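The structure appears right after this line, and notes come after that.
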Number of protein chains: 2
Amino acid sequence: MATIKDVAKLAGVALSTASLALGEGGRVSPATRQKVLEAARELNYQKNGFAMDLKRSQTRTIALILSDLSGPYFSELIQSVQDFALSRGYDLIACSSVGGQDSTAVKFLREKRVDGAIVLAHNVSNEVLQESAREGFPIVVLDRVVLGDYLINVLVDGEQGGYEATKYLIEQGHRRIAYISGPVNSYDNIQRYSGYQRALSEHALQELKKWNVIGHFTQEGGFQATKMLILQGDLPEAIFYANDEMALGGMKALAESGIRIPEQVSVIGYDDIFQSQYVQPSLTTIRQPKYEAGSMAAHLLFQALEGQFVNKSYKFSVELVERNSCAPSLVRK
Amino acid sequence: MATIKDVAKLAGVALSTASLALGEGGRVSPATRQKVLEAARELNYQKNGFAMDLKRSQTRTIALILSDLSGPYFSELIQSVQDFALSRGYDLIACSSVGGQDSTAVKFLREKRVDGAIVLAHNVSNEVLQESAREGFPIVVLDRVVLGDYLINVLVDGEQGGYEATKYLIEQGHRRIAYISGPVNSYDNIQRYSGYQRALSEHALQELKKWNVIGHFTQEGGFQATKMLILQGDLPEAIFYANDEMALGGMKALAESGIRIPEQVSVIGYDDIFQSQYVQPSLTTIRQPKYEAGSMAAHLLFQALEGQFVNKSYKFSVELVERNSCAPSLVRK
DNA sequence: CTGTTAGCGCTTTCAC
DNA sequence: GTGAAAGCGCTAACAG
């Protein structure tokens with residue numbers, strides 16, 4: 001592969017001159033530049049990115065680290081971060097943390113292959129984050145609280161969301177409310193669940209173990225969990241799915257069993273993913289300010305990159321969007 | 001930031017010994033390794049990725065280049081490529097080509113920041129692809145035919161798909177079939193459209209200009225295009241949306257106007273994205289072998305990376321999945 | 001088993 | 001305006 005050295009030789013100039021000519025604002029005579037450019041074209045020269053990064057010790061690239069590149073939830077987030085990064089002349093790459101500590105994501109973090117990162121990946125440990133963040137390498141974490149220098153937290157109030165969702169159901173007259181859970185140790189799930197519990201206890205309602213089923217935050221998981229609920233034979237009046245994907249799967253399971261939503265059971269989700277407005281009936285859910293959170297994350301990251309002072313923690317609140325999957329309870333006592 | 005030099009100094013060993021100790025299979029005494037590891041931990045040393053890549057002149061990372069990181073269509077593709085890459089000990093990053101020639105994607109391609117790439121991004125030009133691909137840097141292109149050394153094409157037969165979709169509609173007795181188009185110069189759109197035309201002409205059907213509306217491959221675009229169709233006052237019997245996202249938008253527009261699917265109008269999509277089975281009515285569509293194509297792309301890329309001979313071009317065929325958005329025409333002559 | 005040394009390809013002073 | 005030279009942080013011969 002042709003290097004700048006080859007180009008310089010072919011153009012009959014020094015290496016440094018070639019570098020200058022190839023770069024932006026170099027002080028080189030037009031004639032020289034011409035020669036160099038021609039040589040470069042002839043050799044099909046293309047700059048080696050690492051060498052440049054190594055020398056400059058910065059990449060003008062940030063990474064967005066996600067537990068799963070392909071989830072529907074992430075779309076808006078990616079969009080907002082990308083918009084922002086582009087507008088600041090930075091590049092964005094997305095890395096997945098599938099594989100945990102051996103993942104691409106962790107490698108990029110540890111080896112500083114980018115200038116900074118935004119992380120929304122439950123399977124990247126706090127330790128990795130804390131060890132990786134440092135002067136010149138800020139990290140914004142979106143899904144939990146991690147303390148440390150050069151670590152910034154942008155949160156969405158999941159406890160509030162879980163509370164609001166449950167309260168809404170209660171106010172519609174429901175008393176028997178199931179909770180379909182995400183992974184039990186996921187920060188998001190814990191938050192939402194604790195909101196659910198608070199709402200129940202504030203209204204002196206009992207939580208039933210059999211109505212707490214794990215759905216892993218996936219559509220398939222929601223489907224299975226709901227099947228289980230149905231098989232138990234004692235259907236709740238309302239189901240709170242800890243995310244929309246599970247709710248979608250659950251609605252499918254309900255439909256397959258001929259159970260009508262919202263007449264026979266009310267369903268509420270969480271996240272407000274794109275599809276939620278398109279299902280039948282459209283899904284009442286808790287809207288996460290995903291775009292806003294992404295923008296904020298990017299904004300803070302760039303501030304930190306520029307050495308400006310930034311607050312270490314931000315919290316967004318959440319709002320209920322009422323659609324057609326919930327209906328007031330008919331008193332059936 | 002601590003470098004390996006600092007670590008070596010603190011541990012009281014030579015630079016190369018430190019490197020060896022930090023690496024995998026180094027022949028260093030356990031005692032030395034211990035010392036080095038300790039020093040590294042103390043200094044919170046983390047390896048500089050570029051330096052390593054530069055030295056090794058390979059990254060064990062491949063890039064997946066997409067025109068839009070956030071589309072639902074890409075999920076399965078990402079998944080399959082990622083599975084494959086991981087199984088081969090490679091890392092995967094995703095880059096967006098938003099920004100065209102100035103995008104992150106093009107930069108990564110040009111500057112060889114990865115070992116190879118899989119490209120599904122209509123806005124990356126053939127020239128860039130041809131100039132970038134070279135010995136040791138193979139590129140697999142998924143959405144068009146680009147010729148060149150170290151360029152591999154994996155295609156899905158869009159013409160056939162367009163043909164099948166249209167023929168299906170015709171066989172159900174429909175004669176007045178609209179085509180909601182993607183971007184007119186998109187390779188995919190051109191293919192599908194030409195299949196549509198072939199089916200029409202084989203059945204001696206006339207194509208009507210007013211029933212060819214551009215929907216840009218987006219949900220919103222499909223929505224708008226359908227609104228236009230409705231406003232024209234002369235509704236077709238069936239609508240072929242050149243992708244599912246547009247069909248989803250279109251179904252929403254139809255529903256808003258109180259037009260029943262499939263009773264009043266049959267709707268067929270293209271791609272079989274995840275949501276299509278969840279809309280009401282579920283969407284009849286053309287299934288793209290996305291997972292298979294992704295696996296194949298990854299497979300070929302690795303073969304090329306390993307210097308094995310690979311065929312330059314593969315083509316998948318496509319299949320119709322019948323759901324509930326189409327119904328036989330009631331003869332209304 | 002450990003240390004010395006020579007670069008990987010590039011940018012960037014600093015003289016000329 | 002141009003060239004020589006240093007060095008970014010690391011790996012990998014090659015000696016010892």
Side-chain angles (χ1 to χ4, degrees), chain A residues 1-37 39-40 43-61 107-108 110-115 134-137, chain B residues 1-37 39-40 43-61 107-108 110-115 134-137:
Chain A
M1 224 178 87
T3 73
I4 198 171
K5 217 161 153 183
D6 303 318
V7 174
K9 202 188 299 170
L10 184 68
V13 298
L15 192 119
S16 55
T17 309
S19 173
L20 286 179
L22 258 13
E24 297 292 277
R27 334 75 86 197
V28 262
S29 69
T32 315
R33 163 160 287 143
Q34 188 58 32
K35 267 194 306 186
V36 173
L37 258 28
L43 295 169
N44 189 209
Y45 165 74
Q46 305 203 185
K47 174 184 301 212
N48 179 319
F50 317 127
M52 193 179 91
D53 292 340
L54 176 57
K55 189 63 200 173
R56 292 225 173 113
S57 60
Q58 63 142 299
T59 62
R60 294 197 73 78
T61 302
K107 174 172 150 185
F108 270 67
R110 295 213 110 104
E111 301 181 356
K112 312 280 172 294
R113 286 182 136 76
V114 286
D115 290 353
R134 56 184 61 188
E135 165 107 53
F137 192 82
Chain B
M1 223 179 87
T3 73
I4 198 171
K5 218 161 153 183
D6 303 318
V7 175
K9 202 188 301 169
L10 184 67
V13 298
L15 194 104
S16 56
T17 307
S19 173
L20 247 30
L22 259 13
E24 296 293 276
R27 335 75 88 201
V28 263
S29 68
T32 317
R33 164 160 287 141
Q34 190 56 33
K35 266 195 306 188
V36 173
L37 258 27
L43 295 169
N44 189 208
Y45 165 75
Q46 305 205 186
K47 171 184 304 210
N48 179 319
F50 315 128
M52 192 178 89
D53 292 340
L54 175 56
K55 187 64 198 176
R56 292 225 172 115
S57 58
Q58 62 141 303
T59 61
R60 293 197 74 78
T61 301
K107 173 172 150 186
F108 269 67
R110 293 214 112 103
E111 301 181 356
K112 312 280 172 291
R113 287 182 135 76
V114 285
D115 290 353
R134 55 183 62 190
E135 166 107 51
F137 192 83

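In what follows, chains carry the letters A, B, and so on, assigned in the order in which the sequence lines appear, proteins first and then strands, with residues in each chain numbered from 1. None of the values given here were measured: they were computed from a predicted structure.
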Is the phosphate of [N], meaning OP1 or OP2, less than 4.0 Å from a side-chain N or O of [X]?
X: B/Thr17; N: C/dG3; result: yes
X: B/Thr32; N: C/dT2; result: yes
X: A/Lys47; N: C/dT11; result: yes
X: B/Arg33; N: C/dC1; result: no

| request: Decide yes or no, distance alone: a donor-acceptor N/O pair under 3.5 angstrom between the base of C/dG7 and the side-chain of B/Lys55. | output: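 Such a pair exists between side chain and base.
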Nearest to side-chain heavy atoms of [X], which nucleotide of [options]:
X: B/Met52; options: C/dT2, D/dC10, C/dT11; answer: D/dC10
X: B/Ser16; options: C/dG9, C/dT11, D/dA12; answer: D/dA12
X: B/Tyr45; options: D/dC10, D/dT11, D/dG9; answer: D/dC10

Could you tell me how far apart [X] ([atom1]) and [N] ([atom2]) are, to the nearest whole angstrom?
X: A/Lys35; N: D/dT2; atom1: NZ; atom2: C1'; value: 10 Å
X: A/Asn48; N: C/dG7; atom1: CG; atom2: P; value: 18 Å
X: A/Arg56; N: D/dA6; atom1: CZ; atom2: C1'; value: 17 Å

| message | Using a strict heavy-atom distance below 4.0 Å, which residues from residues 2-11 of chain B are in contact with DNA chain D? | response |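 The answer is B/Thr3, B/Ile4.
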| field | Rounded distance (nearest 0.5 Å) linking atom OG1 of A/Thr3 with atom CG of A/Asn48 | value |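 The distance works out to 9.5 Å.
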| query | When rounded to the nearest 0.5 angstrom, what distance separates OG1 in A/Thr61 from CZ in A/Phe108? | reply |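 It is 9.5 Å, given to the nearest 0.5 Å.
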| field | Side-chain donor or acceptor of A/Asp53 paired with backbone N/O of A/Thr59 under 3.5 Å | value |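 Absent.
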| task | For atom NZ of A/Lys107, decide whether the heavy atoms of other residues, nucleotides or ligands shown that lie under 6.0 angstrom number more than 12. | result |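 Yes - once you tally the heavy atoms of other residues, nucleotides and ligands closer than 6.0 Å, there are more than 12.
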| message | Under 4.0 Å, heavy atoms only, any strand: does B/Ser29 hit a base, just the sugar-phosphate, or nothing? | response |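 B/Ser29: backbone/sugar contact only, no base atoms under 4.0 Å.
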| query | Mapping B/Leu54 and B/Ala14 onto DNA chain C by nearest heavy atom, which one lands closer to the 5' end? | reply |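 This one resolves to B/Ala14.
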| query | Start at the 5' end of DNA chain D and walk down; is the nucleotide closest to A/Val13 or to B/Ala51 reached first? | reply |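 Looking at the nearest nucleotide for each, A/Val13 comes out on the 5' side.
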